[in-house]
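The basis for the numbers below is simple: all heavy atoms, side chains too, and nothing from hydrogens, waters or symmetry mates.
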Amino acid sequence: QVQLVESGGGLVQAGGSLRLSCAASGRAFRIHRMGWFRQAPGKERRFVAAITWSGGGTYYSDSVKDRFTIFRDNAKNTVYLQMNSLKPEDTALYYCAAAPLSGSQYDLWGQGTQVTVSS
């Protein structure tokens, strides 16, 4: 049983920065990759960024590339999302997710942390 807990969301002015954290805890920890998704009211949940746990390979959506950085601390079982140059359209509920195997779907999700960017 593994749980993901996000933190770091909040209010920020356009152009500002936030760092989100996602800590994994619990027994039988097994993760191939972790990712961040976001969902704005009335819209579908969309992929933001992901990282392979062991190799550290990263992937980004075009909308956040060059502004966001995903990285992990294996010792702390924590993944981070550094968000710079934030825009109002980044406003959403951000979810951390984990996929246990290569090619598998994200089957473990955190509760979400709200990011609101004012214009």
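- When side chains are defined from C-beta on, S63 counts as touching R38, because their heavy atoms get closer than 4.5 Å.
- Side-chain contact between S61 and R46 is absent, with no heavy atoms from C-beta onward closer than 4.5 Å.
- If you take CD on Q82 and OG on S21, they are separated by 9.5 Å, rounding to the nearest 0.5 Å.
- Separating the OG atom in S119 from the NZ atom in K87 is a distance of 14.0 Å, to the nearest 0.5 Å.
- Not one N or O on the side chain of N77 forms a donor-acceptor pair closer than 3.5 Å with the backbone of S25.
- Looking only at side-chain heavy atoms (C-beta outward), T52 and Y59 come within less than 4.5 Å of each other.
- Membership of the apolar cluster around Y80 extends to F71, as traced through chained side-chain contacts below 4.5 Å between ILVMFWY residues.
- Taking the six-membered ring for Trp and the full ring otherwise, the centers of F37 and Y106 sit less than 6.0 Å from each other.
- Rounding to the nearest 0.5 Å gives a distance of 8.5 Å between CD of Q3 and CG of L108.
- A distance of 10.5 Å separates OG1 in T116 from CG in L86, rounded to the nearest 0.5 Å.
- When all heavy atoms of V79 and W53 are compared, the pair lying nearest together is CB-CZ3, 4.2 Å.
- In this structure the side chain of T91 reaches within 4.5 angstrom of the side chain of Q114, judged on heavy atoms.
- Counting heavy atoms from C-beta on, the side chains of S118 and L11 never come closer than 4.5 Å.
- L101 contributes atom CG, which lies 11.5 Å from atom CD1 of I31 (distance to the nearest 0.5 angstrom).
- In this structure, N84 and S17 approach most closely via the heavy-atom pair OD1-OG, 2.8 Å.
- A chain of hydrophobic side-chain contacts below 4.5 Å, direct or via other Ile, Leu, Val, Met, Phe, Trp or Tyr residues, connects I51 to L81.
- Across A24 and L4, no two heavy atoms sit closer than the pair CB-CD2, 3.6 Å.
- Closest non-hydrogen pair, T69 versus Y60, comes out as CA-OH, 3.4 Å.
- Transitive grouping of hydrophobic side chains (ILVMFWY, heavy atoms separated by less than 4.5 Å) brings W109 and L93 into a common cluster.
- Within a 6.0 Å sphere centred on CG of D66, heavy atoms belonging to other residues, nucleotides or ligands number 12 at most.
- P88 approaches A14 most closely through the heavy-atom pair CD-CB, 4.2 Å.
- Considering all non-hydrogen atoms of both residues, V48 and V64 come closest at O-CG2, 3.5 Å.
- In this structure, the side chain of R72 engages the main chain of S54 through a donor-acceptor pair within 3.5 Å.
- Side-chain contact between D90 and M83 is absent, with no heavy atoms from C-beta onward closer than 4.5 Å.
- Residues L18 and F68 have side chains not in contact (no heavy-atom distance under 4.5 Å, counting atoms from C-beta outward).
- With a 4.5 Å cut-off on side-chain heavy atoms, W36 and E6 count as touching.
- Within a 6.0 Å sphere centred on NZ of K65, other residues, nucleotides and ligands contribute more than 12 heavy atoms.
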